[in-house]
K.L.:
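What follows is a structure written as structure tokens; I'll ask about it next.
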Amino acid sequence: MKILISADMEGATGVTWPADVLPGTPQWERCRPMFTSDVNAAVIGFFEGGADEVLINEAHWTMRNLLLEQLDDRAQMITGRHKTLSMVEGVQHGDVDGIAFVGYHTGAGTEGVLAHTYLANSVTGVWVDGSRASEGLLNALVVEEYGVPVVLVTGDDRTIEDAKGYAPDAYGVAVKDYVSRYAAVCRTPGRTAADIRSAAGRAAALAVRASPSPPQEHTVELEFDAEHLVGAATVVPGVERTGERRVAYTSPGMYEGIRTFKAVTTVVSAAVEEQYG
């Protein structure tokens, strides 16, 4: 049994504000061990549950945040940019039986600690086929095409609620409770590690790879906080203006869909000015 862990940082233990996740800040250095603890707890739990292999894919910002030297020696990690499937890199090779979303968060425009979708700001909402989408939903649609179930999700309490919509059978572990976008009631690293380890051990039983699903057409819509970002986004082929601050595109499957999404957000981020956005 092989487990892939997609590890994001905003939903990690103790993380509540931007400096906690911005590479190079003192707060980021402080939070890296707690982030690593969450991921390591999942690794250990999955091995205790019967996994033969656990591969971690770093999914936050520079994708160089986890402390390799503190991870269980049985694990391996993909670290660094740039990757074909970004946050779920590794799922496309046909040997992953289950995936865990560790340190995840809610989507742009919704309640949740550090809620956003790919970009910290600028994107105010994302919809897939008319339903509001988080990174969790986007990534779940990608891995579904490879027959890989989401078996574990960790993050704040709002993230666990969100996950019930795209992975109803997955185990959820809330490491903190939402107060505002930049505040939370946090559990201690010792407690969250124990909770994640226990849940991962049980979640391993859900890691049963199915036959890959035929790609399904999906329409993705993004809303921005400024009109000029629409002009930037429509540089990407297939992306069209649907409103004053909205664009949309349709992809034949989510492999193409998530790659187009990444292209759009990359182009948009380059069009953002420091003061005015």
Side-chain angles (χ1 to χ4, degrees), residues 1-13 15 21 32 35-46 51 53-68 71-72 75-107 112 114-118 126 133-156 159-160 162-163 165-167 169-173 175 196 199-200 203-204 206-207 209 254-255 257-259 261-262 265:
M1 179 200 308
K2 180 176 180 179
I3 302 292
L4 176 65
I5 296 175
S6 174
D8 205 358
M9 193 171 184
E10 286 89 356
T13 295
V15 168
V21 296
R32 292 176 74 194
F35 177 32
T36 304
S37 174
D38 286 1
V39 173
N40 208 34
V43 170
I44 294 169
F46 280 124
E53 185 177 354
V54 177
L55 176 65
I56 303 156
N57 178 43
E58 272 232 43
H60 175 68
W61 206 279
T62 60
M63 301 181 177
R64 295 179 177 88
N65 309 276
L66 288 169
L67 300 172
L68 179 65
L71 292 174
D72 187 291
Q76 296 187 87
M77 181 169 68
I78 306 170
T79 185
R81 304 166 72 193
H82 300 271
K83 297 172 286 194
T84 301
L85 285 180
S86 190
M87 297 182 75
V88 291
E89 177 69 21
V91 76
Q92 68 267 44
H93 302 304
D95 59 350
V96 174
D97 299 295
I99 189 168
F101 295 164
V102 175
Y104 268 49
H105 51 83
T106 54
L114 292 173
H116 70 284
T117 307
Y118 269 64
V126 176
S134 61
E135 290 171 10
L137 173 59
L138 292 170
N139 291 330
L141 290 172
V142 175
V143 303
E144 181 182 2
E145 291 186 354
Y146 296 93
V148 178
V150 179
V151 300
L152 174 70
V153 180
T154 78
D156 71 4
T159 300
I160 305 310
D162 177 59
Y166 62 78
D169 297 326
Y171 285 85
V173 178
V175 302
I196 294 170
L206 301 176
R209 184 169 73 253
M254 278 307 291
Y255 173 85
I258 201 68
R259 287 161 60 82
F261 191 88
K262 179 64 175 176
T265 53

K.L.:
Contact between E145 and Y255 at the side-chain level, heavy atoms closer than 4.5 Å - yes or no?
P.N.:
yes
K.L.:
Within a strict 4.5 Å, meaning less than it, do heavy atoms of the F261 and L138 side chains meet?
P.N.:
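A side-chain contact under 4.5 Å exists here.
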K.L.:
Ignoring hydrogens and angles, tell me if any N or O in the side chain of N40 forms a donor-acceptor pair with the backbone of L71 under 3.5 Å.
P.N.:
no
K.L.:
Can you tell if the side chain of T84 reaches within under 4.5 Å of the side chain of R259, non-hydrogen atoms only?
P.N.:
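Contact flag for T84/R259 side chains = yes.
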K.L.:
Determine, step by step, whether V142 and L85 satisfy the side-chain contact (heavy atoms from CB on, under 4.5 Å) criterion, reporting the C-alpha distance in whole Å, the side-chain angles of both residues, the deciding distance to 0.1 Å, and the verdict.
P.N.:
CA-CA 9 Å; V142 175; L85 285 180; 4.3 Å; yes
K.L.:
Check whether any side-chain heavy atom of V15 lies under 4.5 Å from a side-chain heavy atom of V21, and answer yes or no.
P.N.:
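Counting from C-beta outward, V15 and V21 do come under 4.5 Å.
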K.L.:
Is it the case that the side chain of E58 and the backbone of N65 share a donor-acceptor pair, with hydrogens and angles ignored and the cut-off at 3.5 Å?
P.N.:
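Yes, E58 side chain to N65 backbone: donor-acceptor pair under 3.5 Å.
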K.L.:
Could you pull out all residues at least two apart from A163 that satisfy side-chain contact (heavy atoms from CB on, under 4.5 Å)?
P.N.:
V153, Y166
K.L.:
Could you pull out all residues at least two apart from D162 that satisfy side-chain hydrogen bond (donor to acceptor under 3.5 Å, both in side chains)?
P.N.:
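For D162 the side-chain hydrogen bond (donor to acceptor under 3.5 Å, both in side chains) partners, ignoring immediate neighbours, are S134.
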K.L.:
Taking salt bridge (charged side-chain N to carboxylate O under 4.0 Å, His left out) as the test, write out the residues that go with R81, two or more places apart.
P.N.:
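R81: no salt bridge (charged side-chain N to carboxylate O under 4.0 Å, His left out) contacts found.
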K.L.:
Keeping the roles fixed (side chain from T106, backbone from T159), state whether a donor-acceptor pair exists under 3.5 Å.
P.N.:
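No: the side chain of T106 does not pair with the backbone of T159.
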K.L.:
Report yes if the side chains of E135 and H116 come closer than 4.5 Å at any heavy-atom pair, otherwise no.
P.N.:
yes
K.L.:
Not counting sequence neighbours, which residues clear salt bridge (charged side-chain N to carboxylate O under 4.0 Å, His left out) with K262? List them please.
P.N.:
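None.
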K.L.:
What residues form a side-chain hydrogen bond (donor to acceptor under 3.5 Å, both in side chains) with Q92, not counting sequence neighbours?
P.N.:
E89
K.L.:
Do the side chains of M77 and V39 get nearer than 4.5 Å, heavy atoms only?
P.N.:
no
K.L.:
Could you go through Q76 and E53, starting from their C-alpha distance and side-chain angles, then the distance that decides it, and tell me whether this counts as side-chain contact (heavy atoms from CB on, under 4.5 Å)?
P.N.:
CA-CA 8 Å; Q76 296 187 87; E53 185 177 354; 4.0 Å; yes
K.L.:
Using the test side-chain contact (heavy atoms from CB on, under 4.5 Å), find all partners of A100 that sit at least two apart in sequence or belong to another chain.
P.N.:
I5, F46, V102, L152
K.L.:
Any donor-acceptor pair under 3.5 Å linking the side chain of D72 with the backbone of A41?
P.N.:
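It does not hold such a pair.
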K.L.:
Show me the pairs that pass salt bridge (charged side-chain N to carboxylate O under 4.0 Å, His left out) and involve residues 95-105, at least two apart or across chains.
P.N.:
K2-D95, D97-R209
K.L.:
Determine whether a donor-acceptor pair (N or O, by modelled atom type, separation under 3.5 Å) exists between the side chain of D38 and the backbone of T13.
P.N.:
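Checked: pair present.
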K.L.:
Would you say the side chain of N139 lies within less than 4.5 Å of the side chain of I258, judging by non-hydrogen atoms?
P.N.:
yes
K.L.:
Tell me, please, which residues at least two apart from D8 pass side-chain hydrogen bond (donor to acceptor under 3.5 Å, both in side chains).
P.N.:
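Expected list: H60, H105.
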K.L.:
Who are the side-chain contact (heavy atoms from CB on, under 4.5 Å) partners of L67, not counting sequence neighbours?
P.N.:
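side-chain contact (heavy atoms from CB on, under 4.5 Å) list for L67, sorted by chain: R32, P33, T36, E69, Q70.
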K.L.:
Please enumerate all residues that pass side-chain hydrogen bond (donor to acceptor under 3.5 Å, both in side chains) together with S6, with sequence neighbours excluded.
P.N.:
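So S6 forms a side-chain hydrogen bond (donor to acceptor under 3.5 Å, both in side chains) with Y104.
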